[in-house]
Amino acid sequence: MNPEELSYAKTHEWVAVAEQDGAKIATVGISAFAVEALTDLVYIDLPKVGQQVEAEQPFCEVESVKAVSDIYSPVAGRVIAVNDTLPDALETLGSDPYGSGWIAKIKISDEAGLANLLDYAAYQKQCAE
Amino acid sequence: MPYLYNTPEDQRAMLEAIGAGSIDELFDPIPAYLQLDRPLNLPPALSEMELDQQLRLLASRNRHAGELVCFLGGGCYDHFVPAVVDTIGSRSEFYTSYTPYQAEASQGNLQAVFEYQSLITRLTGMDISNASLYDGASAAAEAVLMATSSTRRFGKVVVPECLHPEYRSTIATYLENLETEVVTLETPTGVVDPDLLAAAVDEEVAAVVLQQPNFFGCVEDAYRVAEITAAAGSLLISVFDPLSLGILRRPGDYGANIAVAEGHTLGTPMSYGGPFLGIMACDKSLVRRMPGRIAGKTVDRRGNDCYVLTMQTREQHIRREKATSNVCTNQGLFALRATAYLAQLGPQGLRETANLCLQKSHYAAEQLCKLDRFSLAFPVPTFKEFVIRDAENQVAELLSSALDNGFLAGIPLGQWYPQLADCFLVAVTEKRTKAEIDSLVHSLANSETKVTAEV
Amino acid sequence: MKNTRDTQTIFELSRSGRRAARLPACDVPEHNVADLLPAASIAATPPALPELSEPAVIRHFVNLSTQNMSVDTHFYPLGSCTMKYNPKRNERAAAMPAFADLHPYQPAETLQGMLQMLYEMQEMLQEISGLEACSLQPAAGAHGELAALLVAAAYFRDLGESRTKVLVPDNAHGTNPASAAMGGFDAVTLKTTADGFVDLDDLETKLDEHVAVLMITNPSTLGLFEPNMQVIADRVHKVGGLIYLDGANMNAILGVARPGDFGADMQHYNPHKTFSGPHGGGGPGAGPICVTEKLAPYLPTPIVKTLGDQFVLDYDRPKTIGRVRAFFGNVGVLLRAYAYIRTHGPDGLRRVSENAVLNANYLLSRVKHILPVPQGHRCMHEFVASASDLRRDKKISAMDLAKRLLDFGYHAPTVYFPLTVPEAMMIEPTETESKETLDAFAETLFRITEEDADLLHDAPHTTAVSRPDEVRAARQPVLSYPE
């Protein structure tokens, strides 16, 4: 995916929203900036398929050697898919953060969270600060 | 005269460099009204020689297992400690070092921990061992917390009565301010009854805690218990006796998910119950829920094999209130002693030690039960300890009279089990000789039975 | 001399059929194991332990030991760990058979010396803390924290009060919030000021009738005495809460100030630190706790008391929280602490703290020109220097300094803790080091800061191992030798 077309949370998650069978599906990952800042990742604790998530609440964890970071769900809804290949290929988060490094797909139940997201330019500005 | 590391001249020079007029001035940050305005009310300082005399005086008021013949068990046993273990355990490079956070300065400790973990996985048949916890009871409580958090079942944990009463009490205390309820399973036959267990486990039960051999020394049908537990989707926590695994099937063999033990029996003396060694091993699926330190193998920048503490994100110093446990310290010195002990014993030594415990305890039970007043409270196979019922219900008098003859003959069970007030627990380790066992039997046979009523 | 075999594991050294241990022949009539135990319970073969000769066992572990730094071999200024010298008289005491060979279920009449020692320990720890009751049961500092928080929970339950929160300053040890969570409380983080003290405004906003306990480390992890201690204690007490003192830093205040006098209701000790351990490569420790009179009924059971001229274990304590472990406690560690306290006495203990504080301030005065100490020009028993200027100017990090110190025969200080100080180096010399050692350490530190940064990035150079790949260790964990 083209990072310039994605939306971003202040907490560094990216979101791509697509329509599927009349429902809105958010694909979520973490930005290249975040992966860089987290340094060498060693573990990801993926959410469970079927899990209900709330906007701006932690739903996944990534770990480096000496730190644990929460990943926040940008939207409210239900997890319908997770990227099972990630735990054994964490380098993908860095090599292709906006493509094969996606983390989860969420069927959106409440679009309110989307309004708080930043566009690419605004997110870049936040990272530069 | 207190110990002096710096001379008064040194101290003056140091104060001058600091720019302080006196040592007292260095305490100025503590408001005067909070400072103690008198000396501590403690006994005056002793020299090393006087300390020695004081300790000898205290020691003379103890009667230890070397001077009495010890048949006490109940989670703490008079096993043999080979000299090799003391030699290795008293290397001050091991015992005066800190937790091996600085890997380059701690390869000795780290490799020893890695070897300890490797030995424990082989001993137990489990996938993963941590670097140890405080003791068997707290390890059992940690295992329960691990089970509730990994199963997300916070409702209940099932604990049979034949689990060590102090382990039950520890688990209850750990859970007292949490929502999880401890369900105690009665074990009138001395072992877990499969039907009672099956009735007690349901989808709210996070774990069943099985001691093998149990507190009464009885060998449980661990496979059956594991089957019932797994059928309910609960985890099986096995509390095992490390030395029994020279003969008995391992927790991993019968499907335990978490295995914990009191490991002092691997080379650490009884020391009045501590410090001891909490062993914990688990399935690999549970490793992220495991409390405590874990050492792992890796390579250094030159490509050489080496060891580090790893998976530290589970621990309190990183994850704080979300950590798997608050535990920080492990029992490094005793993990080292256990490593040396098992290396010294080897597979055959372990098997022979276990066999001596089994044969001698069986012989002791047999001899005691030849006396009319004694019988086994639970007619079930036992490993190294067993429960004797006194038909005359004079346990306190019996044990006291045996003590007069130089025997620590057994542990009265009435203190924990009112229904077993006429019973005592006898343990026989590899150290007990036939002559000692025969003398114990003789002593108990000739114990004067006091007339209960002096009307 | 280098021994190339010394890093092989015991599994690589194993040879089938080799034996070290010889056991006595069975002197009772022997039965087939299958006649004594159910078939399903019997293992066909014993576990796959390694097979070694006794000299191989000894050589292996003795060689391993030489790959450690230790207090007996090196200066070990590891902040917050109080790596003082461990007097050998303590070891001799603990090894006496009349203490080491006691079974916990022996009758009290056969344990009078042991029980007397433990009773005196209770009394002495109470006096040193200025608190009225003591439990020797917890096995380590964090275990003491948990036990004390459960005591607090039982106390409030008894009062019929529902208190769910434990306040913990952000620079506290991780054990504090972890203990709070484990004890069933919500750990609420309190902000600290730039000086590392409790932010009184933040305290005000978080303090209410739901607060059970405020946990405080005083002197703090920055080696500073909390100037608002009295105010904090008064405010917490005013809403009915309790103050827990993390006793990690008691080495600074023995005989100088007592937690009970400055507002604490509960505290733990780390006898393996304050009362000379030893640390054992990461344990055993002990974590005795002292509490005020009103909390005494809830302490773990049993406690040693006197009955006439006898010492007995008191189990008749209906309000107790129960137990946090089996048996009495880590008495082997407590016995060493007893030997330490008895050979120091009241004056000696005060001298311990005086000299710990003197040594720390002296080293601070020598180091601050090389590494700034952001919080204060004076300290208690330890101080936290910062390598952030060095990092900015020369690209030398706290980690580089720590690793390079190993090359010069010094154990590294604690680095990157507390997180509130950038490039933190937490230095605690303890009282048992001489001025010469402190001078040499300061000079070495200075010399290192003058070295080439690239040399430092690759340090240590002289140790058998240098900069382990921790990412690999965590990504592909190898936690045991393959079977």
Examine whether an atom of C/L224 lies under 4.5 Å from a heavy atom of chain B, and if so say whether it belongs to the side chain, the backbone or both; otherwise answer neither. neither
Give, as side chain, backbone, both or neither, the part of C/R92 having an atom under 4.5 angstrom from any heavy atom of chain B. side chain
Pick one of side chain, backbone, both or neither for C/N86, based on which atoms fall under 4.5 Å of a heavy atom in chain B. side chain
Which atoms of B/T313 come close to chain C, meaning under 4.5 Å heavy atom to heavy atom: side chain ones, backbone ones, both, or neither? neither
Does any heavy atom of chain C fall under 4.5 Å from the side chain of B/Y363, the backbone, both, or neither of them? side chain
With a 4.5 angstrom heavy-atom cut-off, which part of C/P477 approaches chain B: side chain, backbone, both or neither? side chain
Fit a plane to each ring of B/Y174 and C/H143, take the angle between them on a 0 to 90° scale, and name the class: parallel (under 30°), tilted (30 to 60°) or perpendicular (over 60°). tilted
Checking side-chain polar atoms at under 3.5 Å, does C/Q116 have a donor or acceptor matched by the opposite partner on B/R61? yes
Given a strict heavy-atom distance threshold of 4.5 Å, which part of B/S47 is in contact with chain C: side chain, backbone, both, or neither? backbone
Residue pair C/N355 / B/Q11, side-chain donor-acceptor N/O under 3.5 Å: yes
Please check this pair: side chain of B/N177 against backbone of C/G183, looking for a donor-acceptor N/O pair closer than 3.5 Å. yes
Answer with side chain, backbone, both or neither: which region of B/I318 has an atom nearer than 4.5 Å to a non-hydrogen atom of chain C? neither
Should the pair B/K360-C/D27 be classified as a salt bridge under the 4.0 Å nitrogen-to-oxygen rule? yes
Taking side chain as everything from C-beta outward and backbone as N, CA, C, O, which of these in C/H31 sits under 4.5 Å from a heavy atom of chain B? Side chain, backbone, both or neither. both
Counting heavy-atom pairs under 4.5 angstrom with chain C, the leader among B/P82, B/A354, B/A137, B/S118 is B/S118
Would you mind checking which part of C/M124 comes under 4.5 Å of any heavy atom in chain B, side chain (CB onward), backbone (N, CA, C, O), both or neither? both
Examine whether an atom of C/E91 lies under 4.5 Å from a heavy atom of chain B, and if so say whether it belongs to the side chain, the backbone or both; otherwise answer neither. side chain
Any donor-acceptor pair under 3.5 Å from C/E127 side chain to B/N41 backbone: yes
Can you tell me if CZ on C/R19 sees more than 12 non-hydrogen neighbours from other groups inside 6.0 Å? yes
For B/I23, which atoms come within 4.5 Å of any heavy atom of chain C: side chain, backbone, both, or neither? side chain
Flag, side chain of C/T343 to backbone of B/E48, donor-acceptor distance under 3.5 Å: no
Side chain from CB out, backbone as N, CA, C, O: work out which of these in B/I18 comes under 4.5 Å of a heavy atom of chain C, or both, or neither. both
What I'd like to find out is whether the side chain of C/Y105 reaches to under 4.5 Å of the side chain of B/C76, using heavy atoms alone. no
Is it the side chain or the backbone of C/A93 that comes within 4.5 Å of chain B heavy atoms, both, or neither? both
Please look at C/T73 and chain B and tell me whether the side chain, the backbone, both or neither of the residue comes under 4.5 angstrom of a heavy atom of that chain. side chain
Quick check: does any side chain N or O of B/T298 sit under 3.5 Å from a backbone N or O of C/P468, one acting as donor and the other as acceptor? no
Could you check whether any side-chain N or O of C/H103 sits under 3.5 Å from a backbone N or O of B/M270, counting only pairs where one atom can act as donor and the other as acceptor? no
Taking every heavy-atom pair that is under 4.5 Å apart, which of B/A323, B/A343, B/S138 has the most such pairs with chain C? B/A343
Classify the angle between the aromatic ring planes of C/F327 and B/H164 as parallel (below 30°), tilted (30 to 60°) or perpendicular (above 60°). perpendicular
Between B/E321, B/H317, B/E262, B/Q54, which shows the greatest number of heavy-atom pairs under 4.5 Å with chain C? B/E321
Does any backbone or side-chain atom of C/L349 lie under 4.5 Å from a heavy atom of chain B? Answer side chain, backbone, both or neither. side chain
If one checks every heavy atom of B/N330 against chain C at 4.5 Å, the contacting part turns out to be both
Any side-chain donor-acceptor pair under 3.5 Å between C/Q106 and B/N62? no
Criterion side chain to side chain contact (heavy atoms under 4.5 Å, CB included) on B/Q35 and C/V256, from CA distance to verdict: CA-CA 6 Å; B/Q35 291 199 27; C/V256 176; 4.0 Å; yes
Look only at the side chain of B/D300 and the backbone of C/S466, and say whether a donor-acceptor pair between them is shorter than 3.5 Å. yes
With a 4.5 angstrom heavy-atom cut-off, is it the side chain or the backbone of B/I128 that approaches chain C, or both, or neither? side chain
Taking B/V308, B/I247, B/D10 one by one, which has the highest count of heavy-atom pairs under 4.5 Å against chain C? B/I247
Using heavy-atom distances under 4.5 Å, tell me whether B/A340 contacts chain C through its side chain, its backbone, both, or neither. both
Using only atom types and a distance under 3.5 Å, with no angle test, would you say the side chain of B/Q117 pairs donor to acceptor with the backbone of C/L479? yes
Contacting region of C/R89 [heavy-atom separation from chain B under 4.5 Å]: both
Of the backbone (N, CA, C, O) and the side chain (C-beta and beyond), which part of C/I10 lies under 4.5 Å from a heavy atom of chain B, both, or neither? both
Looking at C/D458, is its backbone amide N or carbonyl O close enough to the side chain of B/R301 to form a donor-acceptor pair, meaning the two atoms are under 3.5 Å apart? yes
Part of B/T310 within contact of chain C (heavy atom distance under 4.5 Å): side chain
Checking the side chain of B/T173 only, and the main-chain atoms of C/V324 only, is there a donor and an acceptor separated by less than 3.5 Å? no
At a 4.5 Å cut-off on heavy atoms, which part of B/L178 comes close to chain C: side chain, backbone, both, or neither? side chain
Under the 3.5 angstrom rule, does the side chain of B/T329 hit a backbone N or O of C/G282 as a donor-acceptor pair? yes
So, the part of B/D305 with a heavy atom under 4.5 Å from chain C: the answer is backbone
Most contact-rich option vs chain C, by heavy-atom pairs under 4.5 angstrom, among B/L403, B/T339, B/L46, B/T99, is B/L46
Where does C/M83 contact chain B at under 4.5 Å (heavy atoms): side chain, backbone, both or neither? side chain
Is C/Y76 close to chain B through its backbone or its side chain, or both, or neither, when contacts mean heavy atoms under 4.5 Å? side chain
Quick check on B/D135 against chain C: is it the side chain, the backbone, both or neither that has a heavy atom closer than 4.5 Å? side chain
Region of B/Y98 in contact with chain C, defined by heavy-atom distances below 4.5 Å: both
